[in-house]
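Read the structure below first, then the notes.
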Amino acid sequence: MTGRLADKTAIVTGGASGVGKATCRLFAEEGAKVIVADVQFEKALAFAEECGGEARLLDVSREEQWRELADHCLEEYGKLDILVNCAGIGRAGDFESLTAEDWNAMVGVNLNGVFFGCKHCVTAMRKSGAKGSIVNVSSVAGLVGGEDIAGYSATKGGVTMLTKSVALATAKYGIRCNSIHPTYVDSEMLDDVAERFPSRQAMLDGMASLVPLGRVAKPIDIAQAILFLASEESSMITGSPLLVDGGQLAGLPSRHNG
Ligand SMILES: NC(=O)c1ccc[n+]([C@@H]2O[C@H](COP(=O)([O-])OP(=O)(O)OC[C@H]3O[C@@H](n4cnc5c(N)ncnc54)[C@H](O)[C@@H]3O)[C@@H](O)[C@H]2O)c1
């Protein structure tokens, strides 16, 4: 299928890597004008040239940069239809060992970044009369806790709830807002984690053993679900958490068969 996002303008944060990158590529293939927004500008620029989008330097934790980006979008494209809040960072640590610096960094990017993005992009969508769609990338860790990822889980849980409040507040304008909850995704985000294992493959095998479908996700697995929520195929869905977790949160593993 092609043209599912024909005539749409989309901002994708974290668009230079992993899930965001796969999403930008898919959106462009489906006919959208894509703004690849990332704090890693050189990577965003190189990729934007490849996928036919526009690169923008954006630190999602800085509200003034969001205001500028939303204004630019209206000036350049006349409207904003889709926002994907995909930028995110992870810092491991249980709640006793986690430093204030790491906690604040995750709150700044994962939670404040999504708040600023929703706020300024809803304003832009309303100004241009677009019946927009916002997709916030949370995590399975935004639905359940994680012993050694206390701060990450707290910020992603915040995204889950913020999504519902935004959905309720914007439904009257025809704007939708949903969250995506991936299991482990084989992306650069796992590079630091891999260093604590004998090999990257050993880390991935261990993670896959916790997923009923038997593998970790690829960025395209998540991008396909984001495309569905961004497109008009999901026009009756808002305030909804969509799990893309290979069954990880469906229930308890079997312990009753010898
Ligand atoms: N990889 C996983 O296992 C996994 C699992 C569940 C959810 N997620 C979530 O998926 C999303 C995408 O992660 P990924 O796996 O593609 O990771 P990634 O590290 O490959 O990509 C993250 C991107 O976000 C950008 N970014 C970081 N801080 C930023 C900032 N302040 N402003 C703008 N951009 C910034 C990075 O430059 C990078 O391009 C994140 O929100 C992450 O929390 C990832």
Side-chain angles (χ1 to χ4, degrees), residues 1 4 14 18-23 26 84-95 106 110-111 114 133-168 176-190 192-194 196-197 200-231 233-258:
M1 212 189 302
R4 291 158 78 186
V19 174
K21 188 173 182 178
T23 302
L26 199 53
V84 181
N85 281 310
C86 192
I89 57 171
R91 303 268 197 274
D94 64 44
F95 79 100
M106 286 187 282
N110 298 354
L111 190 51
V114 174
S133 176
I134 299 171
V135 184
N136 294 330
V137 180
S138 176
S139 168
V140 289
L143 296 169
V144 296
E147 184 181 349
D148 56 357
I149 50 167
Y152 182 76
S153 179
T155 59
K156 292 299 186 177
V159 171
T160 307
M161 285 303 140
L162 176 64
T163 299
K164 292 178 187 294
S165 299
V166 172
L168 291 172
R176 300 181 295 111
C177 183
N178 294 288
S179 55
I180 289 266
H181 301 265
T183 183
Y184 313 104
V185 185
D186 190 3
S187 73
E188 287 177 25
M189 181 170 269
L190 297 184
D192 289 345
V193 184
R196 285 176 240 133
F197 288 78
R200 189 178 186 91
Q201 195 55 49
M203 171 193 74
L204 293 174
D205 290 346
M207 290 172 168
S209 73
L210 301 173
V211 179
L213 283 180
R215 65 175 177 89
V216 303
K218 299 188 283 282
I220 187 67
D221 294 318
I222 315 305
Q224 295 280 11
I226 293 172
L227 170 62
F228 168 66
L229 289 177
S231 78
E233 290 151 36
S234 58
S235 62
M236 194 55 185
I237 301 176
T238 196
S240 224
L242 176 58
L243 279 78
V244 190
D245 71 341
Q248 190 176 13
L249 296 194
L252 302 170
S254 169
R255 291 288 182 271
H256 294 82
N257 282 320

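Closest approach of Asp245 and Ala250 over heavy atoms only: OD2-N, 4.5 Å. Closest approach of Cys177 to Thr238, counting heavy atoms only: N-OG1, 2.9 Å. Scanning all heavy atoms of the two residues, the minimum distance from Gly20 to Cys86 falls at N-SG, 3.5 Å. For the residue pair Val135 and Ala230, the shortest heavy atom distance occurs at CG2-N, 4.0 Å. Taking both residues in full, the closest heavy atoms of Gly18 and Ser187 are given as CA-CB, 4.1 Å, listed atom of the first, atom of the second, then distance. Of all heavy-atom pairs between Pro241 and Gly239, the closest is CD-O, 3.9 Å.
Each of Val137, Leu111, Ile180, Asn85 was checked for a side-chain contact (heavy atoms from CB on, under 4.5 Å) with Val159, and the lone residue meeting it is Leu111.
Considering only residues two or more places apart in sequence or on other chains, Arg196 meets the side chain to side chain contact (heavy atoms under 4.5 Å, CB included) condition with Ala92, Val193. Here Leu168 pairs with nothing under the side chain to side chain contact (heavy atoms under 4.5 Å, CB included) rule; sequence neighbours left out. Applying the side-chain hydrogen bond (donor to acceptor under 3.5 Å, both in side chains) rule to Gln201 yields the partners Asp205; only residues at least two apart in sequence or on another chain are considered. Scanning for side-chain hydrogen bond (donor to acceptor under 3.5 Å, both in side chains) contacts around Asp192 gives an empty result, with sequence neighbours left out. For Arg200, the side-chain hydrogen bond (donor to acceptor under 3.5 Å, both in side chains) partners at least two apart in sequence or on another chain are Asp186, Asp191. The side-chain hydrogen bond (donor to acceptor under 3.5 Å, both in side chains) check on Ser179 picks up His181, with sequence neighbours excluded. Ser231 meets the side chain to side chain contact (heavy atoms under 4.5 Å, CB included) test with Leu5, Glu233; sequence neighbours excluded. Qualifying side chain to side chain contact (heavy atoms under 4.5 Å, CB included) partners for Ala217, counting only residues two or more places apart in sequence or in other chains: Thr183, Val185, Asp221, Ile222.
Between Leu143 and Thr160 the shortest side-chain heavy-atom distance falls below 4.5 Å. You'll find the side chain of Tyr184 stays beyond 4.5 Å of the side chain of Met203, heavy atoms only.
The OG atom of Ser234 lies 9.5 Å from the CG atom of Leu242; values are rounded to the nearest 0.5 Å. Taking CG from Leu26 and CD from Gln224, the interatomic distance works out to 5.0 Å, rounded to the nearest 0.5 Å. Here the straight-line distance linking atom OG of Ser138 with atom CG of Asn178 works out to 12.5 Å at 0.5 Å rounding. Atom OG of Ser240 and atom NZ of Lys164 lie 6.5 Å apart (nearest 0.5 Å).
When atom types are taken as modelled, the side chain of Arg176 and the backbone of Leu229 share a donor-acceptor pair closer than 3.5 angstrom.
For residues 149-158, every residue pair satisfying the side-chain hydrogen bond (donor to acceptor under 3.5 Å, both in side chains) rule, not counting sequence neighbours, is listed here: Asn110-Thr155.
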